Amino acid sequence: MIFSLQMCFTLVEWQRNEDKEENIMKKLLALMLTGVMVLSMAGCGSSSSTETTTETEETTDEEEAEVEEETEEVEEAEEAEEAADADSDLAYVQEKGTLVVGITDFEPMDYKDEDGNWIGFDADMATAFAESLGVAVEFVEIDWDNKILELDGKTIDCVWNGMTLTDEVMSAMDCSNAYSSNSQVVVLAADVAEDYADVESLADLSFAVESGSAGEAAAEDNGLSYTSVSNQANALMEVAAGTSDAAIIDLLMAEAMVGEGTSYEDLTTGVVLVDEEYGVGFRQGSDLVEMLNEFFAESYADGSMVEIATTYGIENSIIAQ
């Protein structure tokens with residue numbers, strides 16, 4: 001009887017232990033299932049996150065590419081504009097606010113009044129042209145022989161000084177339309193002028209000419225003996241002083257500077273060596289050439305060009321525009 005009871009207690013205890021183990025196993029199984037689910041969800045979430053991140057990265061890359069492309073286009077446009085401005089004399093002149101005109105003392109084209117201001121047909125026209133561009137004019141006396149160097153070196157913006165349109169000038173500069181006719185003429189003492197009525201008679205004379213001028217070219221072309229000086233005014237001084245027998249200068253200057261009522265009353269004009277035309281010279285490729293040609297046409301049409309020419313007595317030399 002006692003043995004039976006003990007057996008019963010043993011069986012009951014064993015059953016309890018078995019139930020505990022079963023509960024433990026169930027709990028462990030439940031935890032394992034929960035872990036698997038969590039890992040599975042994490043895996044799904046990771047995939048979704050990765051896909052989202054990839055899509056975001058792709059969108060960002062596309063946006064960045066578009067921004068870079070737009071930036072490049074803007075930079076290219078700016079570079080093109082800067083290059084155009086760099087090649088534009090008009091933009092260059094307007095940016096600095098001055099049109100620098102290379103001249104010499106050459107009445108009636110460029111010379112100073114009693115107050116030291118530059119006047120003359122070319123000076124007045126240059127001033128009006130600068131005003132049409134919205135800039136101030138500045139006159140700079142140059143060594144005429146170095147006019148091309150001065151122009152290319154940008155110490156001046158144009159050569160506007162009764163400049164003859166020779167082959168040399170037109171090959172080194174971009175030039176405006178011709179605006180005035182002229183000639184290279186011999187100037188000599190009035191009391192001997194009748195002895196030198198033709199080119200052949202000039203062979204024994206010594207001449208003073210402006211260096212780099214059309215007068216110098218005329219002397220060379222005719223095989224004449226000459227000395228080069230800095231400008232035409234100095235060439236006249238050489239003749240007046242007797243250090244040269246004659247000078248070769250522009251007819252327009254001779255008409256204004258020699259003869260009765262002038263500073264050189266004892267001098268007169270003689271043989272005309274060559275006929276020519278005046279123009280204004282700019283740097284090669286300059287867009288100011290077209291601007292000046294338009295200005296010439298407008299000022300001729302409205303009468304202002306002829307009016308200025310009349311002021312200086314050269315109205316008969318002006319060429320229709």
Side-chain angles (χ1 to χ4, degrees), residues 98-142 144 156-165 175-185 187 210 213-215 231-236 247 249-265 267-269 272 275-282 288 291-321:
T98 56
L99 176 71
V100 183
V101 181
I103 61 171
T104 64
D105 190 342
F106 173 15
E107 188 177 350
M109 311 311 280
D110 294 298
Y111 63 103
K112 289 183 178 181
D113 63 14
E114 295 178 353
D115 297 323
N117 300 311
W118 286 102
I119 60 172
F121 177 75
D122 281 349
D124 289 3
M125 289 293 290
T127 300
F129 177 58
E131 289 175 356
S132 75
L133 301 178
V135 301
V137 69
E138 179 183 345
F139 296 104
V140 174
E141 283 192 85
I142 61 173
W144 194 247
I156 59 174
D157 298 315
C158 63
V159 181
W160 197 334
N161 190 73
M163 182 179 68
T164 303
L165 295 174
C175 297
S176 71
N177 295 334
Y179 63 87
S180 175
S181 59
N182 184 52
S183 300
Q184 291 301 312
V185 63
V187 173
E210 180 183 41
S213 70
N231 55 55
Q232 295 187 94
N234 285 345
L236 288 179
I249 66 171
D250 290 54
L251 176 60
L252 292 183
M253 182 177 189
E255 289 177 339
M257 296 287 289
V258 306
E260 187 177 351
T262 70
S263 300
Y264 298 101
E265 291 188 335
L267 303 182
T268 189
T269 57
V272 173
D275 292 321
E276 59 193 24
E277 295 178 332
Y278 287 159
V280 180
F282 296 88
L288 287 173
M291 300 290 292
L292 181 57
N293 286 337
E294 291 176 0
F295 173 78
F296 277 164
E298 292 170 0
S299 59
Y300 185 83
D302 65 21
S304 58
M305 176 183 278
V306 175
E307 182 179 352
I308 294 173
T310 303
T311 302
Y312 299 100
I314 64 167
E315 64 274 15
N316 294 329
S317 299
I318 297 302
I319 297 172
Q321 302 296 303

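Remember, predicted model here, so these are calculated numbers, not experimental data. In what follows, every heavy atom counts, from backbone to side chain, and hydrogens, waters and symmetry copies are set aside.
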List the atom of [X], the atom of [Y], and the distance in Å for their closest heavy-atom pair.
X: A254; Y: V187; answer: CB-CG2, 4.0 Å
X: N177; Y: F296; answer: O-CE1, 4.0 Å
X: A247; Y: A235; answer: CB-O, 3.9 Å
X: C175; Y: G281; answer: SG-CA, 4.2 Å

Worksheet item: How far apart are the C-alpha atoms of L251 and V272, what are their side-chain angles, what is the distance that settles it, and do they pass the side chain to side chain contact (heavy atoms under 4.5 Å, CB included) test?
Response: CA-CA 8 Å; L251 176 60; V272 173; 5.5 Å; no
Fill in: Matching residue for D122 among Y111, Y179, Y312 - test: side-chain hydrogen bond (donor to acceptor under 3.5 Å, both in side chains)
Y179
Taking the side chain as every heavy atom from C-beta outward, state whether [X] and [Y] have any atom pair closer than 4.5 Å.
X: W144; Y: Q232; answer: no
X: W118; Y: V101; answer: no
X: E298; Y: S132; answer: no
X: E138; Y: D157; answer: no
X: L133; Y: L288; answer: yes
X: S180; Y: L252; answer: yes
X: S299; Y: M125; answer: yes

Quick one: pull up [atom1] in [X] and [atom2] in [Y] and give me the separation to the nearest 0.5 Å.
X: F295; Y: M305; atom1: CZ; atom2: CE; answer: 7.0 Å
X: M253; Y: M109; atom1: CE; atom2: CE; answer: 11.5 Å
X: T164; Y: D250; atom1: OG1; atom2: CG; answer: 5.5 Å
X: M257; Y: T269; atom1: CE; atom2: OG1; answer: 14.0 Å
X: D275; Y: S181; atom1: CG; atom2: OG; answer: 8.0 Å
X: I249; Y: N234; atom1: CD1; atom2: CG; answer: 11.5 Å

Worksheet item: Does a side chain donor of either D105 or N231 reach within less than 3.5 Å of an acceptor in the other side chain?
Response: no
Any donor and acceptor pair, going by atom type alone, linking the side chain of [X] with main-chain N or O of [Y] inside 3.5 Å?
X: N182; Y: E276; result: no
X: Q321; Y: I319; result: yes
X: D302; Y: S304; result: yes

Worksheet entry | Passing option when F282 is tested against V159, L292, I156 for side-chain contact (heavy atoms from CB on, under 4.5 Å) | L292
